[in-house]
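Numbered from 1 within each chain, the chains take letters A, B, ... in sequence-line order. Quantities reported herein were computed from a predicted structural model and do not represent experimental measurements. All heavy atoms count here, side chains included; hydrogens, waters and symmetry mates do not.
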Amino acid sequence: MTDTPVDAAAARAVDYSKTLFLPVTDFPMRAGLPQKEPEILAKWAADDLYRALRREAAGRPKFVLHDGPPYANGHLHIGHALNKILKDVITRQKQMEGFDSNYVPGWDCHGLPIEWKIEEKYRAAGQNKDDVPKKEFRAECRAFAEHWVGIQSAEFQRLGVIGDFANPYLTMAYEAEAIIAGEIQKFALTGQLYRGSKPVMWSVVEKTALAEAEVEYQDYTSDTIFVKFPVKLTQGVRELIGGEVEPRRYNAPPVEFAGASVVIWTTTPWTIPGNRAVSFSNRIAYGLYRVTASPEGNWATVGELLVLADKLADEVMKAAKVEAFEKVGDVSAEELKALTLAHPLAALGYGFQVPLLDGDHVTDDSGTGFVHTAPGHGREDFEIWMHNARDLTLRDIDTAIPFTVDDSGFLTQDAPGFTGRSVITDKGDKGDANKAVIDALVEARALLARGRMKHQYPHSWRSKKPVIFRNTPQWFIHMDREILKAGETAGASAGTSEPDTLRARALRAIADTTFYPPAGQNRLNGMIANRPDWVVSRQRAWGVPIAVFRNTATGELAPGPTFAGSAEVQARVAAAFTSEGADAWYADGAKERFLGGLVDDLGAWTKVDDILDVWFDSGSTHAFCLRRRADLKWPADMYLEGSDQHRGWFHSSLLESCGTNGRAPYDAVLTHGFVMAEDGRKMSKSLGNQTQPQDVIKQSGADILRLWVMTSDYADDLRIGKEILQTNVESYRKLRNTLRWMLGTLAHHVPAEDPAPADRPELERLILHRLAEVADQVKAGYAEYDFKRVVGAISNFMVVDLSAFYFDVRKDALYCEPRSSVKRRAALAVVATLFDTLVKWLAPMLPFTMEEAWGQRFPGARSVHLELFPDVSADWRDDALAARWAKIRDVRRVVTGALELERAAKRIGSSLEAAPVVHVGDAALHALLAEIDLAEIAITSGVVLVATPAPDGAFTLPDVADVAVVPAKAVGTRCARSWRVTDDVGADPRWPDVSARDARALAEWAAAGGTA
RNA sequence: GGGCCCGUAGCUCAGCUGGUUAGAGCGCGCGCUUGAUAAGCGUGAGGUCGAAAGUUCAAAUCUUUCCGGGCCCA
């Protein structure tokens, strides 16, 4: 070693760092996003970036991602954030891909949750909702929704979401209400809307229907009864007569069932008048039992034959106080299915046939193994009844569901023998209906046993009083009824081959839609294929009315397929709603206003006051937003929501649009999963594992939240928590600092001095080749909305190829080479290209940070978000070059590995202290290495390349053949400027402690007026 | 209970139609640098690919069952 002591005086005299092209930038290492982002937002607002984007994109092909409206009743949560960030990234991506990508946010404003809030307010003030005029109540709901739209709008914008927040769409806007009402009228006009009935939870005390969420379960003591249904008939076989299926024929039951009864158990005796069937299960074993001993006067008499589940026979007999009984034989599911029962109160006017229906909801855990089925009094009862409706009709059984209880809890004329009896009083107490029914059953010798039971029973959340299931008229949309064309009446299109039904249209539309991920197609298809008719009515106040009139005598609808004045009614309603909102429907004189002069007898017509289910509202957004706005288009390119919306918005929009337009309102559907806590479980307040977007924004910034979305697999469920966020903070820092170094370095970039492409060194060409490769990945990733792939490719490139390799190697050239150096200028040109490309690629994902970086690079320039994605030249691809450099980088790894051992042994510190001997056996590789400056690549002060075999103990890597490294210290003097050890330090007497290369740099520097 | 989906290093993700010792980034340990410095570089340790059967010469990759988790229904 021949270290020459540096001239101490000279070293003190010259601070060479002042003569280097070191990075210079104001772009801070630490982002301070929570403070910085609002500043950027303010700038975007001041510049009206949204308008600027529209102007910039005027005339381009449109890309429309139609916003699914969030519900306007609370602060945004992490799920909203995920959803809006994904939408925003795609919106921005498409804009930069060259579309006019216009995002119009929307809100769902009607519906129950808002009604509750307003009712709550009234209650707190001691007022009753029913005492408040409907118009006033609706006005309060409107104000409430407006309030939350404002808050959510601000919260969405804080995430960086860009869109027409100044003109969003609202389901409660007057025009929207007018069009929604017009849409349901279209369904009426084409014969798809009909009035049917369905059991709903009903509070007698409040005289109102309740949603599941308005009900709580409390202990309640019910009367229980075991009731005998006599076996009456056995079905014959259906016969085909003249091509028509005849109703089933009936025979007397098999002799062993003569006089037998099927026994049911229920806790609601008052529903017996509503009974229409008895359900059983094919998974339960049943038997025929004979009573052989019974006390005098007992309801169960000796000789009586009962059908029961085997598992429950003992219990039932015990409850019936039977002293002894025997099993006569097994009863199969087939036998049960064939039997028809009589209603136990047949004599009172219940003379219809009671079928036995096979249902999965039946268990043999308690009761008798048979379930009393009153389709107007239970959800499962209703469903099994409707499910069997076709077959029941063939059996000549009327499937109409009786209205046995009125809205005050009294049994009606549909309950002969009990009319006027009270189920539940207006105070919420038990009425006299149960006793009357039980007495009648005793009288009819149909009661086997009775008792009382304490159990959990639904109560109104508000009044805390018990509720009942009650059949109520509701409005439905047919899934399988031929859709009439305008002016047609039923049957007019008979003769066409395929029936044009809503279900058929929807299934076809699903097949024509692209799904991301593809599994969504299957999922939506399954739901549409199996769903029952669509119930669209709600007995509520805050919504859009089902704006039709119904003739109480004929059932005719106006507008409707047979009503002559339909177009006029539609026009009147549309005009009124557009100027006054849907409130017009509830104003005095509305019937005369909309129907006057169009019918002979106004009195025969009833205005339907039910409102539409909010799913119909949001299912119509395509009609009042996409179709109406000139700056959008119909159908949308994409709908994007959480996977729960297969049942929700994707579903209702599909049905609504298929019913009115014959196709889906979207070409593609993208779904994301749900956000879980870090352990993969649901977030919940009680577990304290929630992550609030507001907290993340306050602590780390919106770009961190966005980066979290970008690095997650949104197709699956996502996880978030402290550790995961920290990971993203670290990744962000790495990206940010890499950009920061580029910015600093580019402070010295003079575009006019960029060398010609032909003069670019191999290393620069290699990096451009890699950039072209990454461009392909980025393009492909964006094309499939696979953002983790995009961000992964970019960050891998920035970390592995740039920060750890290219930049590290080129620092010497960039900092130390003379100003005129081609190598230095070529590197600067490439860094400029890299910066420009990377910032644009990342702009949709990290809009704040990229805007900040762009502004640092080009002060005063317009927003990066107005730019297009860069064209990365395919000419930069050079696979042969890349293959050569893959080998060179392998050799580099061997060198750095060898140096690491030297470092560990404290023989060197900086790699510039080394000049290792590299043994390369392979001639081709040796030749390749000889052409390049391996020392420069390995960041050593020298490399001795030799072809001789490696001595024992030389450093090798198992996966790099024929390369061995023997470490050695660099020989020469450490250049005080570049810190490289060379043998030409002092070549220029003006700078005796500096290498020849650095002396040339200093000469240029001095000539340019530099001083230090 | 039913439909659909998911389960690869501490974290986030790659691993195509089955084929050599399962990869990357981040984090973590150790070291270097101090001219990207609350940064940069190097290097190391981490996985029986949820579990078990099966198909196959060969399975993270195919089949079945189970376990765990999610969404939607019931």
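Nucleic acid contact class of A:Gly792 (heavy atoms, under 4.0 Å, all strands): none. Residue A:Ser17 is classed as a base contact, given a heavy-atom separation below 4.0 Å to a base. At the heavy-atom level, A:Leu20 lies under 4.0 Å from base atoms of the strands shown. Within 4.0 Å of A:Arg907, counting heavy atoms only, lies no atom of the nucleic acid at all. The residue A:Thr738 sits close to a base: some heavy atom pair falls under 4.0 Å. Across all strands shown, A:Trp708 has no heavy atoms under 4.0 Å from either base or sugar-phosphate atoms.
For B:rA38, neither phosphate oxygen OP1 nor OP2 lies less than 4.0 angstrom from any side-chain nitrogen or oxygen of A:Arg740. For the pair A:Thr745 and B:rA36, the criterion of a side-chain N or O lying under 4.0 Å from OP1 or OP2 is not met.
The side chain of A:Ser712 lies closest to B:rU12 when the candidates are B:rU12, B:rA36, B:rG42. The A:Asn737 side chain lies nearest to B:rA39 when the options are B:rA39, B:rG35, B:rG42. Between B:rU33, B:rG40, B:rC5, one nucleotide has an atom nearer to the side chain of A:Ala519 than all others, and that is B:rC5. Nearest to the side chain of A:Glu723, among B:rA39, B:rC13, B:rC11, sits B:rC11. Side-chain atoms of A:Glu913 lie closest to B:rU33 of the nucleotides B:rG35, B:rU33, B:rC13.
In terms of the side chain to side chain contact (heavy atoms under 4.5 Å, CB included) criterion, residue partners of A:Glu936 (sequence neighbours excluded) are, by chain and number, A:Val809, A:Arg810, A:Lys823, A:Asp933. Under the rule for a ring pair (Phe, Tyr, Trp, His ring centres under 6.0 Å), the partners of A:Tyr639 that lie at least two apart in sequence or sit in another chain are A:His66, A:Trp649, A:Tyr666. A search for side chain to side chain contact (heavy atoms under 4.5 Å, CB included) contacts involving A:Val535 returns A:Lys198, A:Gln474, A:Phe476, A:Ser537, A:Arg538, not counting sequence neighbours. When the ring pair (Phe, Tyr, Trp, His ring centres under 6.0 Å) test is applied to A:His372, no partner is found at least two apart in sequence or on another chain. For A:Pro199, the side chain to side chain contact (heavy atoms under 4.5 Å, CB included) test picks out A:Phe382, A:Phe469, A:Asn471, with sequence neighbours left out. For A:Ser700, the side chain to side chain contact (heavy atoms under 4.5 Å, CB included) partners are A:Ile704, A:Val729, not counting sequence neighbours. With sequence neighbours excluded, the residues that form a salt bridge (charged side-chain N to carboxylate O under 4.0 Å, His left out) with A:Glu900 are A:Arg903.
Pair assignment for B:rG23 gives B:rC13, based on Watson-Crick or G-U wobble hydrogen-bonding distances that are each under 3.5 Å. Base pairing of B:rU48 is not made with any nucleotide, judged by Watson-Crick or G-U wobble geometry with both donor-acceptor distances under 3.5 Å. Base-pair partner of B:rG1: B:rC73 (Watson-Crick or G-U wobble, both distances under 3.5 Å). Using N1 to N3 plus N6-O4 or O6-N4 for Watson-Crick, or N1-O2 and O6-N3 for G-U wobble, each under 3.5 Å, B:rG68 pairs with B:rC6. Figure legend. B:rC62 is base-paired to B:rG54; pairs are counted as Watson-Crick or G-U wobble with both atom distances under 3.5 Å. Checking B:rA39 for Watson-Crick or G-U wobble geometry (two distances, each under 3.5 Å) identifies no partner in any strand.
The base of B:rA36 is paired with the side chain of A:Lys811 by a donor and an acceptor separated by under 3.5 Å. For A:Ser803 against B:rA36, a side-chain-to-base donor-acceptor contact under 3.5 Å is present.
Judged purely by atom type and a 3.5 angstrom limit, A:Glu641 has no side-chain atom pairing as donor or acceptor with the backbone of A:Thr671. Panel note: side chain A:Thr849, backbone A:Leu846; no donor-acceptor pair is recorded below 3.5 Å.
The aromatic ring of A:Phe807 does not stack onto the base of B:rG40, failing the criterion of a centre distance under 5.5 Å from the six-membered base ring together with planes under 30° apart.
Ring-plane geometry between A:Tyr815 and A:Trp741 is classed as tilted, the angle between the planes lying from 30 to 60 degrees on a 0 to 90 degree scale.
Checking A:Thr711 against A:Asn728 by side-chain atom types alone, a donor-acceptor pair falls below 3.5 Å.
Using atom P as the reference point in both B:rU8 and B:rC13, the two lie 10 Å apart (nearest Å). Spacing between B:rG50 and B:rU33 at atom C1', rounded to whole Å, works out to 44 Å. Taking the C1' atom of each, B:rG46 and B:rG10 are spaced 9 Å apart, rounded to whole Å. Taking atom P in both B:rG23 and B:rA60, the straight-line distance is 13 Å, to the nearest Å. Rounded to whole Å, the P atom of B:rG19 lies 44 Å from the corresponding atom of B:rC32. Taking atom C1' on both nucleotides, B:rG70 is separated from B:rA39 by 41 Å, rounded to a whole Å. Taking atom P in both B:rC6 and B:rU17, the straight-line distance is 13 Å, to the nearest Å. Comparing B:rU64 with B:rC26, their C1' atoms are spaced 38 Å from each other, to the whole Å.
Whole-Å rounding puts the A:Lys788 NZ to B:rC13 P distance at 8 Å. Rounding to whole angstrom units, CD1 of residue A:Ile908 and P of B:rU43 are separated by 13 Å. Per the geometry, CG belonging to A:Leu899 stands 12 Å off P belonging to B:rG42, to the nearest Å. Atom CG of A:Leu735 is separated from atom P of B:rU12 by 18 Å (rounded to the nearest Å). Nucleotide B:rG10 holds its P atom 14 Å from the CD atom of A:Glu678, rounded to whole Å. Here B:rA36 presents its P atom at 18 Å from CZ of A:Phe835, a figure rounded to the nearest Å. Atom CG in A:Asp959 sits roughly 13 Å away from atom C1' in B:rG23 (whole-Å rounding). Atom NE2 in A:His651 sits roughly 14 Å away from atom C1' in B:rG3 (whole-Å rounding).
Taking the ring centre of A:Phe805 as origin, the terminal cationic atom of A:Arg889 falls inside the region bounded by 6.0 Å and 45° from the ring axis.
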Per-nt protein contacts along nucleotides 69-74 of chain B (heavy atom under 4.0 Å; B base, S backbone sugar-phosphate only, - none) come out as SSBSSS

Counting primed atoms, P, OP1 and OP2 as sugar-phosphate and everything else as base, the B/S/- map of nucleotides 25-31 of chain B against protein heavy atoms under 4.0 Å is SSS---S

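A salt bridge links A:Arg907 and A:Glu902; the closest N-O separation between the charged side-chain nitrogens and carboxylate oxygens is under 4.0 Å.
Against the 90° criterion about 0, the sugar-base torsion of B:rG46 places it in the syn range.
Where A:Trp741 and A:Thr896 meet RNA chain B, the nucleotide closest to each residue was compared, and A:Trp741 sits on the side nearer the 5' end. When the nearest nucleotides of RNA chain B are assigned to A:Thr711 and A:Met29 by heavy-atom distance, the more 5′-ward of the two goes with A:Thr711.
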Practice prompt. Could you check A:Met845 against A:Arg706 for side-chain contact (heavy atoms from CB on, under 4.5 Å), going step by step and ending with a plain yes or no?
Written response: CA-CA 7 Å; A:Met845 302 178 161; A:Arg706 296 178 68 111; 5.9 Å; no

